[in-house]
Peer 1: 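The structure under discussion is supplied below as structure tokens; questions concerning it will follow.
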Protein chains: 2
Amino acid sequence: MSRGSGTTQLRLRADRYSAVQLRIVRAALELFALHGVSGTSLQMIADATGVTKAAVYHQFKTKEEIMLAVAEVELARLETALDSAEDATSDAHARALLLEEVIGLAVERRRWVHALQNDPSMIRLLSEHEPFLDLMNRLYSVLNGEDATTETRVRTAILSAAFGGAVVHPLVVDLDDETLKAELTRTARRIFDLPDE
Amino acid sequence: MSRGSGTTQLRLRADRYSAVQLRIVRAALELFALHGVSGTSLQMIADATGVTKAAVYHQFKTKEEIMLAVAEVELARLETALDSAEDATSDAHARALLLEEVIGLAVERRRWVHALQNDPSMIRLLSEHEPFLDLMNRLYSVLNGEDATTETRVRTAILSAAFGGAVVHPLVVDLDDETLKAELTRTARRIFDLPDE
DNA sequence: GTCTATATGAAGATAGAC
DNA sequence: GTCTATCTTCATATAGAC
């Protein structure tokens, strides 16, 4: 299958960050999930990392750079999953592979995925950066298939929202990862009219 | 059907606000949806309302009071819908009534509902206020029914996330309200195994 | 009920020593 | 690479005049 929306593919580069930078990114991700991006200050990130604000600024010039690094590191797994799915031999196989990986990612990293997917600052920033838009378009292409009818698009939107929203819902917070994955998979198959395998 | 989780019911009071206060609330709601709660300052709310910051503080003592007013006004329709549903003659009828109203609310007020449902500051604040917790418990009771199995809870969580998340998804932004409502209703019936009527 | 003016603190960001 | 110290701007919030 073809990759990306254009001729050249815009890749994320989650491997470009040093060990120190990754410590900052992990602290920021946790705080973003707890307080939202706007509700998280550089002072909070510095404290959680165990360094001063100035040290954080030495690693990242602006808060936006931290946000991009957080998104890049967190979405690396999604990109890998897309690579595999696009190498699949059929559309149906690609979709099944991708669904499994996306559900796993959404469940295992529930709180973080939800924060990244719903924070207004993050949404705005990512929408201004081609590699992220490209990634999302690849995702929707595989899930929707070639013929994106209104019904298909709504179903994909519901799935996407469910993966990023239902996983942190109060009604399911006490469910373990495996149970939640199994239930999400069943519901996804029901929505998409897929066989139970 | 019985109302609330306890003996006395904790009601929202959307009617307690004056005309001036409602102007502030509407401006705040719009800004919350655009920038998130943490990303919205009282200065921004004052500017959007057309008054000074001090005038806003005369109406609401703190930012939290504005947040509560915004939630109260926006959720009034949900409370009305719950009242009707709980007066229904059967559980199935109650659920069908409520689903229709909740879908209508989520679609017609997509951006605002999404903001209120997913903002970390708003979530934290509402979780500390009984009337809102009570409202949510009533909602889940009707949707889940009496026997809340794991499967039921996951389905309800997915529906809830879908109503508050899918409706603002990039894949469906260009759909008009009626189309989106119809598609959401079909998918909800599919998830819950309800007949197409 | 709204205004101007202000207090106090914390935000993002930088300079320069070590 | 990290620190202390500082700059500027903006945050929430209040005092008091009209």
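None of the values given here were measured: they were computed from a predicted structure. So that the names make sense, note that chain A is the first sequence line, chain B the second, and so on, each numbered from 1.
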Peer 1: Can you pull the ring-ring contact (aromatic ring centres under 6.0 Å, His included) pairs that have at least one residue in residues 61-84 of chain A, sequence neighbours excluded?
Peer 2: none
Peer 1: Any pair with a residue in residues 43-55 of chain A that passes salt bridge (Lys or Arg N to Asp or Glu O under 4.0 Å), sequence neighbours left out, goes on the list, sorted by first then second residue, please.
Peer 2: none
Peer 1: Of all nucleotides in DNA chain C with an atom under 4.0 Å from a non-hydrogen atom of chain A, which is the first and which the last going 5' to 3'?
Peer 2: C/dA11 to C/dA15
Peer 1: Identify, residue by residue, the members of residues 119-129 of chain A with a heavy atom below 4.0 Å from DNA chain C, and return them in order of residue number, or none.
Peer 2: none
Peer 1: Kindly state each residue pair satisfying salt bridge (Lys or Arg N to Asp or Glu O under 4.0 Å) with at least one member in residues 152-163 of chain A, sequence neighbours excluded.
Peer 2: A/E151-A/R155, A/R153-B/D174
Peer 1: Taking DNA chain D as the partner, which of residues 30-46 of chain A come within under 4.0 angstrom of it by heavy atom?
Peer 2: none
Peer 1: Who are the salt bridge (Lys or Arg N to Asp or Glu O under 4.0 Å) partners of B/E128, not counting sequence neighbours?
Peer 2: none
Peer 1: List in chain and number order the residues that pass side-chain hydrogen bond (donor to acceptor under 3.5 Å, both in side chains) with B/R109, two or more places apart in sequence or in another chain; answer none if no residue qualifies.
Peer 2: B/E74
Peer 1: Holding to ring-ring contact (aromatic ring centres under 6.0 Å, His included), I want the full list of residues that pass it with A/H169, two or more places apart in sequence or in another chain.
Peer 2: B/Y140
Peer 1: When the side chains of residues 65-73 of chain B are checked against the rest of the protein, which donor-acceptor pairs come out under 3.5 Å, sequence neighbours left out?
Peer 2:
unit_1 : atom_1 : unit_2 : atom_2 : d
B/E65  : OE1    : B/K61  : N      : 3.3
B/E72  : OE1    : B/Y17  : OH     : 2.6
B/E72  : OE2    : B/R13  : N      : 2.8
B/E72  : OE2    : B/R16  : NH2    : 2.6

Peer 1: Can you pull out the residues from residues 48-69 of chain B that lie within a 4.0 Å heavy-atom distance of DNA chain C?
Peer 2: B/V51, B/T52, B/A54, B/A55, B/H58, B/Q59
Peer 1: With side chain to side chain donor-acceptor pair (under 3.5 Å) as the rule and sequence neighbours excluded, what pairs involving residues 23-40 of chain B come up?
Peer 2: B/E30-B/R111, B/E30-B/W112, B/S38-B/S121
